[in-house]
Each structure stands twice: as structure tokens, then as C-alpha cells.
Amino acid sequence: MSELISTVTAAFQSTYGRPADFVVRAPGRVNLLGEHVDYNDGFVLPIAIDRAAYLAVGSAEGVEAQIRAHDIQEAVTFRTTALEIKADAQGRSLKSWARYAAGVAWSLSESGLPVHGLKAVLTSDVPRGAGLSSSAAVEVAYATAWRQLGGWSLPAMELARACQRAENQYVGVNSGIMDQFASACGRAGHALLLDCRSLTWEELPLPSGLAVVVADTMVRRELGGSEYNVRRAQCEEAVYSLGTVLPGIQSLRDVALDDFNAHAGRLSEVVGKRARHVVEEIDRTQRAVTLLRSGDAVGFGQLMNDCHASLRDLYEVSCPELDLMVSEAQALPGCYGARLTGAGFGGCTVNLVAGSQAEDFTRELTTRYERVAGKRPDIYVCQAAAGAAVI
Ligand code: GLA
């Protein structure tokens with residue numbers, strides 16, 4: 001972490017010829033349970049992790065945002081007064097990486113908040129496209145920076161919602177609130193149980209003696225964005241069809257498992273599978289929380305395993321490498337549960353492992369995955385970290 005702070009502050013100095021005024025840290029997240037349910041008003045259980053986006057920031061006169069992505073060595077300047085056109089200060093179409101920053105500026109401005117000119121350099125150790133919310137971390141980092149520069153205040157959840165609006169309406173991915181929420185509201189040593197309908201949450205201490213291990217398959221999702229939007233539309237279709245027999249339902253959150261079983265025949269096979277995953281996953285997450293509270297790692301882990309099978313067979317967002325990583329992990333000593341995390345189609349798995357066996361687990365899983373997949377994975381124990389802040 002301190003290495004990335006030095007990197008980003010040194011890059012700021014050499015880019016702009018002056019020191020940064022401050023650095024923001026905004027973490028990625030890993031989701032323990034509750035996958036693809038946030039946009040169905042369900043419950044999710046993410047933790048903010050000790051991998052983060054670091055943004056070195058300096059105030060600037062005027063309306064220009066000069067931003068640099070250190071990791072890809074690219075820079076863009078855009079005007080905070082002409083964000084709808086999605087163009088840089090020279091009138092060229094905004095590069096996709098810059099749309100996260102510009103989208104946040106747009107969203108904050110839409111909410112009537114002042115967005116000042118700035119100079120910034122970003123670096124991150126959240127791997128991109130790996131299911132750990134690298135883009136939400138970037139969005140939350142910029143929102144935190146503009147909040148600091150503007151001297152205005154906004155509760156962390158509102159900041160997260162502004163970032164989600166940027167992602168939905170500016171970047172064009174119809175994602176739920178989970179990622180931005182976790183990055184903005186994380187708490188060290190805790191998982192966050194969020195009710196995505198009421199947007200209230202509870203911090204649950206992670207039991208001692210357990211390790212959360214993230215395993216990156218090194219496969220990057222290609223179809224991620226478009227398939228994600230398709231899944232979301234299928235859920236809406238299910239609500240529409242079920243609404244004829246279950247009047248008043250607003251989302252799949254309102255459909256009890258028994259009612260779903262009674263009426264699932266009204267849905268096409270594919271939409272029925274998608275909706276079954278969501279209805280069961282909302283129920284599963286609530287049961288899992290009870291188990292977590294009572295320290296039942298075996299029971300909790302079993303529900304993680306069930307979740308993976310459901311994402312693979314019903315929601316169909318897994319891929320061969322994720323399935324391999326999960327089945328190898330589940331066969332190792334000390335592993336309570338393993339499943340893909342995030343949107344899917346590649347990226348990472350999350351594993352709940354006995355702390356005393358985490359080191360052996362990590363080593364053995366690396367060897368086994370590499371042997372079969374022919375790719376060296378990145379596997380590490382992660383810590384639950386605090387949410388975004390000026391550091
Ligand atoms: C992505 C989205 C989240 C959530 C997950 C799946 O990470 O950004 O809102 O829907 O996928 O649970």
C-alpha cells in the first residue's frame with residue numbers, strides 16, 4: 001500500500017511539476033454471498049478488500065480536469081462544464097478509462113454538487129476485469145476527491161449512489177449498487193450485509209480463525225458488460241410475467257420460494273432458470289447470515305458452494321476456468337466454501353478457508369490450477385478493509 005502511495009505521489013510530481021495536495025484510497029471488494037441479486041432488491045454480503053485505487057489529487061483553477069492513468073501511461077483532459085458530450089478538451093471521443101472519472105463528475109453535477117477543476121494521477125492494485133470492482137474503486141476515488149476539493153459533505157451511501165448513476169447512465173453498464181457501496185462504506189475486519197431495497201446495512205465481524213482467499217483465474221471477461229445487461233433484462237421479464245399471478249410484486253425480492261415454485265411454469269426455460277437463481281440466492285444469503293452470526297463456517301461454506309452451482313447451472317455466468325478453480329479448492333483441506341465472485345464470465349473466486357490452513361491452501365491451489373489450466377493464477381489471503389477516504 002505505501003508503495004503505491006509513493007508511486008502515485010511521485011508520478012503526480014513528475015507530471016504536474018508540483019506535489020499533490022492529497023491522496024485518496026478507494027478499495028475493491030469481494031462478495032461473500034448474494035450474487036446477481038443487488039439489482040433485484042436482494043441482500044448482498046461484500047467486504048471491501050486491501051487492494052485499492054489510489055488517486056493523487058491537486059486542485060486546479062478553472063474547469064479542466066487533467067487526469068492521468070499511471071498504469072497504462074495515458075492522460076486525458078476534459079471540461080467539467082461539458083460532460084454530456086463525452087468528449088475531451090480537444091473534442092475527441094472520451095477514452096473508455098476516462099469515462100469513469102467524467103461520469104462521476106457528470107453525476108455529481110447532475111445532483112447539483114460543485115465539481116472543480118483538478119489534476120490527478122491514478123494507480124491501482126485491484127486487477128481489472130477480475131470481478132473485484134476495479135471500476136467502482138476508481139469511481140469512488142474520484143467522487144471522494146471532488147468531495148474533498150469542493151468542501152461539501154455527502155453520506156457515503158449517497159456518494160456510492162452517485163457513482164452507480166455514473167456507471168449506469170454514463171459508462172452504460174446497468175450494474176447494481178453493491179460495488180460502489182462496498183468501496184464507499186467498507187469497514188476493516190467486517191463484512192457488510194446490505195439490504196439493496198432499503199439501502200440499510202449492518203456490519204458483521206468476520207469470525208477470527210477464518211481467512212478469505214481470493215483466487216484469480218487470470219481469465220478476463222469479454223462478454224461481461226453485454227451479458228450482464230441481458231441477465232438484468234431477463235430478471236425484469238420474470239417480474240413482468242409473474243406479476244400477472246402475483247400482483248403487486250416490484251422485483252424478484254417480493255417472490256417467495258413457494259410462490260415461485262407454484263408459478264415458474266409461466267416463464268420460458270431460460271428466464272425461469274435466471275429467476276430461480278435470484279429467488280433462491282436471496283433466501284440463501286439470509287440463511288447464511290444466521291450461520292455467520294453463530295460462527296458456523298461449515299454451514300456458511302456449504303451455501304457458498306451451492307451459490308456457485310447455481311451461478312454455473314441456472315444463471316450461467318461461470319466459465320470452465322472458474323469451475324476448475326472452484327472444484328479444486330473445494331477438494332482441499334481447510335476449505336469451507338468456494339465460488340465465483342462478482343459478475344462472472346472469468347475473474348476471481350472467493351474461498352472461505354480455515355486460517356491455520358490458508359497458506360497451504362493457497363500454495364496447493366496455485367499448483368493444481370496451473371497444472372490443469374496451463375496458467376499461473378494469482379491467489380492470496382485478503383483482509384477486510386475500510387472504505388474510501390483521504391489518507
Ligand atoms: C457486478 C455489478 C454488481 C453486481 C455483481 C453481481 O459486480 O457491478 O452490481 O450485480 O456484478 O452480483
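Positions are given from 1 along the sequence. Just follow the structure's listing: the first ligand is 1, and inside any ligand the first atom is 1. Remember, predicted model here, so these are calculated numbers, not experimental data.
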**Report entry** Close side-chain approach of Glu110 and Leu83, heavy atoms under 4.5 Å
**Finding:** no
Query raised in the report: Mind checking whether Trp201 and Phe181 have parallel, tilted or perpendicular rings, split at 30° and 60°?
Result: perpendicular
For a quick test of your reading: what N or O donor-acceptor pairs under 3.5 Å do the side chains of residues 184-199 make, sequence neighbours left out?
{"residue": "Arg187", "atom": "NH1", "partner": "Glu203", "partner atom": "OE1", "Å": "2.5"}
{"residue": "His190", "atom": "ND1", "partner": "Ala188", "partner atom": "O", "Å": "2.7"}
{"residue": "Asp195", "atom": "OD1", "partner": "Arg197", "partner atom": "N", "Å": "2.8"}
{"residue": "Asp195", "atom": "OD1", "partner": "Ser198", "partner atom": "N", "Å": "3.2"}
{"residue": "Asp195", "atom": "OD1", "partner": "Arg253", "partner atom": "NH1", "Å": "2.9"}
{"residue": "Asp195", "atom": "OD2", "partner": "Ser198", "partner atom": "OG", "Å": "3.3"}
{"residue": "Asp195", "atom": "OD2", "partner": "Arg253", "partner atom": "NH2", "Å": "3.3"}
{"residue": "Arg197", "atom": "NE", "partner": "Asp41", "partner atom": "OD2", "Å": "3.4"}
{"residue": "Arg197", "atom": "NH1", "partner": "Asp254", "partner atom": "OD1", "Å": "2.7"}
{"residue": "Arg197", "atom": "NH2", "partner": "Asp41", "partner atom": "OD2", "Å": "3.1"}
{"residue": "Arg197", "atom": "NH2", "partner": "Ser251", "partner atom": "OG", "Å": "3.3"}
{"residue": "Arg197", "atom": "NH2", "partner": "Asp254", "partner atom": "OD1", "Å": "3.3"}
{"residue": "Arg197", "atom": "NH2", "partner": "Asp254", "partner atom": "OD2", "Å": "3.1"}
{"residue": "Ser198", "atom": "OG", "partner": "Thr200", "partner atom": "N", "Å": "3.3"}
{"residue": "Ser198", "atom": "OG", "partner": "Thr200", "partner atom": "OG1", "Å": "2.7"}

Requested in this report: Before accepting this row, confirm whether a basic side-chain N of the pair Arg231/Glu316 lies closer than 4.0 Å to the acidic partner's carboxylate O.
Outcome: no
Requested in this report: Mind jotting down which protein residues get a heavy-atom contact under 4.0 Å with ligand 1? Chain and number order, please.
Outcome: Arg29, Glu35, His36, Asp38, Tyr39, Ser175, Gly176, Met178, Asp179, Tyr228, Gly342, Ala343
Report summary line: Residue pairs meeting salt bridge (Lys or Arg N to Asp or Glu O under 4.0 Å), one or both in residues 328-350, sequence neighbours left out, come to Glu35-Arg339, Glu328-Arg368
Query raised in the report: Taking only residues two or more places apart in sequence or in another chain, which ones pass side chain to side chain donor-acceptor pair (under 3.5 Å) with Glu281?
Result: Arg284
